[in-house]
Amino acid sequence: MDFELTEEQVLFRDSVRSFAERHLRDGALERAHADEYPWDIAELMAGAGLLGITSAEEDGGVGGTLMDAVIAIQEIARVCPRSADVIQAGNFGAIRVLAQYGSEEQKRRYLAPLLAGKSLISVAMTEPNAGSAVTELTTTATPDGDGFRIRGSKVFTTHGLHATVFLIYVRYGPGVGGIGSVLVERGADGFSFGKPVRFLSGEDWNPLYFDDVYDPAENVVIGPGGFKQQMAGFNVERIGNSSRSLALGRYAFEAAREHATTRRQFGRALSDFQGLQWKFAEMKLQLEAAQLLLYQAATQADRGFPSAEATAMAKLACNRAGFNAANEAMQIMGGAGFGEDSLVEYCFRRTRGWMIAGGTIEILLNRVAEGVFGTRFSQRPASVLREAV
Ligand SMILES: Cc1cc2nc3c(=O)[nH]c(=O)nc-3n(C[C@H](O)[C@H](O)[C@H](O)COP(=O)(O)OP(=O)(O)OC[C@H]3O[C@@H](n4cnc5c(N)ncnc54)[C@H](O)[C@@H]3O)c2cc1C
């Protein structure tokens, strides 16, 4: 067992770090508060080989590992937290499902511009009545001629205001086996958007409405019976979420550490007070422990998909450690960490959201508990069925 990065990983980390310092240090605060998706950064990252890190080289990707992508997103986030969203969208999100399961035609048409940083894909899974219970989704894909008619609605879609194409979770038929996903382009007939709502994190989402949208059969990414593949792909999204939680927690931790050594009260540096020293010790402990779980999930996955259990543990630990660090950092910095002129305030808001997004803390605990007892616990009221995991 080796807890060190390999020589290659260290070189890669250093190159991403210097890219971030060179291009992203300036303007990090402004980017955090900008409404627009940072398209300029996306193109810059595409040019630097930071999009499609785990995608196959023959598809225009880099052919790297999930661990490489984790290193990249963390290095970017430690300099410019908002720019880490571009790494997420270009490596961990719906793009990974498309790269893994998409047809050659889908890759040519959709993956290529995504890897070039010229388009953006969102995943639309959650519905008004299907949140944690995602398998209760009711958006349907009904056969019609050479394609499907999509009917239904989605909520909370990240980047819904900016995405050029959407990976929509749909129902072809009843039950879990009836769930799959299709691509729908922005601008498709019958595809409309509701009024934007702003999350505490500053992210805007708007309801998506599919009113008999015609989608050609070529746009099916995962057909009936593919729900397991769908969720396996979604675990990659969770690793990106975990990485950003941890990285933003570290960002806040470093800001607070710097502040504590320079800010003086009662004639002493803040770092002289034991009550604050212990906060730092606790934060460091949690951040380091979460880092190991994250690396474990990523290295075990190699270029494939991480396991559900390792992902759940990594996300739980990173979400908690990240939010706790941001929250404590804000407390340690007093008023100086509470305003919009400090990225600590931004880290606090973003890390809070990730305890809900991508599978809530409670749903992840359920998943870990299933591993503990080796059974699947049905969450439904009438059911006492216990299937083997
Ligand atoms: C910042 C952000 C970004 C998001 N981005 C996207 C996106 O891009 N695409 C997308 O499709 N969705 C997205 N979501 C939606 C997200 O996936 C859902 O919010 C999440 O799955 C929870 O669903 P819900 O909000 O409907 O809460 P509910 O499912 O209604 O849950 C409410 C509360 O009950 C708890 N709960 C529910 N069931 C159980 C149970 N069985 N055991 C214990 N506790 C339980 C939950 O943990 C939660 O605390 C995003 C959400 C946020 C906050």
Side-chain angles (χ1 to χ4, degrees), residues 32 37 81-82 84-86 88-90 92-98 120-139 152-171 179-184 186 193-194 196-210 227 230-231 233-238 240-242 244-245 248 311-312 315-316 319-320 322-323 326 346-370 376-385:
Y37 183 73
R82 174 78 192 279
D85 293 352
V86 181
Q88 172 81 19
F92 294 90
I95 193 171
R96 191 68 189 90
V97 171
L98 176 61
L120 179 63
I121 186 167
S122 282
V123 60
M125 174 177 71
T126 310
E127 297 182 359
N129 293 314
S132 300
V134 68
T135 54
E136 285 172 16
L137 66 89
T138 58
T139 296
S153 68
K154 299 286 176 181
V155 291
F156 303 156
T157 311
T158 297
H159 293 146
L161 274 71
H162 313 292
T164 48
V165 59
F166 295 75
L167 182 73
I168 316 286
Y169 281 35
V170 290
R171 176 171 292 294
I179 297 174
S181 59
V182 298
L183 295 165
V184 176
R186 183 176 218 97
F193 300 86
V197 179
R198 178 154 290 195
F199 275 139
L200 172 70
S201 57
E203 296 159 283
D204 294 317
W205 65 271
N206 47 1
L208 314 182
Y209 301 115
F210 303 93
F227 187 68
Q230 190 85 62
M231 290 318 285
F234 193 65
N235 282 329
V236 177
E237 175 122 22
R238 289 176 163 161
N241 169 314
S242 312
R244 285 180 298 161
S245 292
L248 267 62
T311 301
K315 185 173 184 292
L316 265 170
N319 287 166
R320 284 175 167 170
F323 175 67
Y346 176 74
C347 293
F348 170 85
R349 291 186 284 112
R350 293 300 304 275
T351 52
R352 184 65 188 84
W354 288 321
M355 294 207 284
I356 300 171
T360 65
I361 292 285
E362 293 76 19
I363 293 300
L364 298 171
L365 285 169
N366 289 346
R367 181 62 189 82
V368 174
E370 287 180 345
R376 175 150 292 164
F377 295 113
S378 172
Q379 303 296 314
R380 294 172 208 287
S383 174
V384 287
L385 283 177

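The chain is numbered in sequence order, starting from 1. Remember, it's a predicted structure, so these values are computed and weren't measured experimentally. Read the numbers this way: they start at 1 and go in the same order the structure lists the ligands and their atoms.
- When only interatomic distances are considered, the shortest N/O to N/O separation between V123 and ligand 1 falls below 3.5 Å.
- Proximity of T138 to N129: side-chain heavy atoms (C-beta onward) are nowhere separated by under 4.5 Å.
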Criterion side chain to side chain contact (heavy atoms under 4.5 Å, CB included) on L316 and I361, from CA distance to verdict: CA-CA 6 Å; L316 265 170; I361 292 285; 3.7 Å; yes
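- Regarding atom 17 (O) of ligand 1, its nearest protein heavy-atom neighbour is T126 OG1, 3.4 Å.
- E203 is listed as a side-chain neighbour of R350, based on a closest heavy-atom distance under 4.5 Å.
- Interface of I356 with ligand 1, defined as ligand atoms under 4.0 Å from a residue heavy atom, comprises 19 (O), 20 (C), 53 (C).
- Within the 4.0 angstrom cut-off, atom 20 (C) of ligand 1 has one or more protein heavy-atom neighbours.
- Remark: ligand 1 and M125 share an N or O pair separated by less than 3.5 Å (distance only, no angle test).
- Of the protein's non-hydrogen atoms, the one nearest atom 39 (C) of ligand 1 is I363 CD1, 3.7 Å.
- Residues R244 and D85 meet the side-chain proximity criterion, which asks for heavy atoms closer than 4.5 Å.
- Below 3.5 Å of separation, one finds an N or O of Q379 facing an N or O of ligand 1.
- Here the side chain of D204 pairs no donor or acceptor atom with the backbone of L161 at under 3.5 angstrom.
- At a 3.5 angstrom cut-off on N or O pairs, A124 does not count as close to ligand 1.
- Relative to atom 8 (O) of ligand 1, the option among T360, T158, I168, L167 with the closest non-hydrogen atom is T158.
- Interface of E362 with ligand 1, defined as ligand atoms under 4.0 Å from a residue heavy atom, comprises 43 (C), 44 (N), 46 (C), 47 (O), 49 (O).
- Looking at V123 and Y169, their side chains come closer than 4.5 Å, going by heavy atoms from C-beta outward.
- Looking at G131, A94, S122 and measuring to atom 23 (O) of ligand 1, the nearest heavy atom belongs to G131.
- Taking the six-membered ring for Trp and thresholds of 30 and 60 degrees, F348 and F323 have ring planes inclined between 30 and 60 degrees apart.
- Classification of the F166-F193 ring pair by plane angle, with boundaries at 30° and 60°, yields tilted.
- Geometrically, ligand 1 and E203 share no nitrogen or oxygen pair separated by less than 3.5 Å.
- Remark: minimum distance from atom 2 (C) of ligand 1 to any protein heavy atom is reached at A357 CB, 3.5 Å.
- Counting protein heavy atoms under 4.0 angstrom from atom 30 (O) of ligand 1 gives zero.
- By the salt bridge (charged side-chain N to carboxylate O under 4.0 Å, His left out) test, R96 pairs with no residue at all, sequence neighbours left out.
- Heavy atoms of F199 found under 4.0 angstrom from ligand 1 belong exclusively to the side chain.
- R186 places a side-chain N or O within donor-acceptor distance of the main-chain N or O of A163, the cut-off being under 3.5 Å.
- For atom 34 (O) of ligand 1, the nearest protein heavy atom lies 4.0 Å away or farther.
- With hydrogens left out, the protein atom closest to atom 40 (C) of ligand 1 is N366 ND2, 3.6 Å, a heavy atom.
- Nearest non-hydrogen protein atom to atom 28 (P) of ligand 1 is S132 OG, 3.7 Å.
- Under the 6.0 Å distance and 45° angle rule, R352 does not count as a cation-pi partner of F199.
- Inter-residue side-chain proximity for L167 and L98 is flagged as unmet; no heavy-atom pair is nearer than 4.5 Å.
- When only non-hydrogen protein atoms are considered, atom 6 (C) of ligand 1 lies nearest to F156 O, 2.9 Å.
- Interface of G358 with ligand 1, defined as ligand atoms under 4.0 Å from a residue heavy atom, comprises 17 (O).
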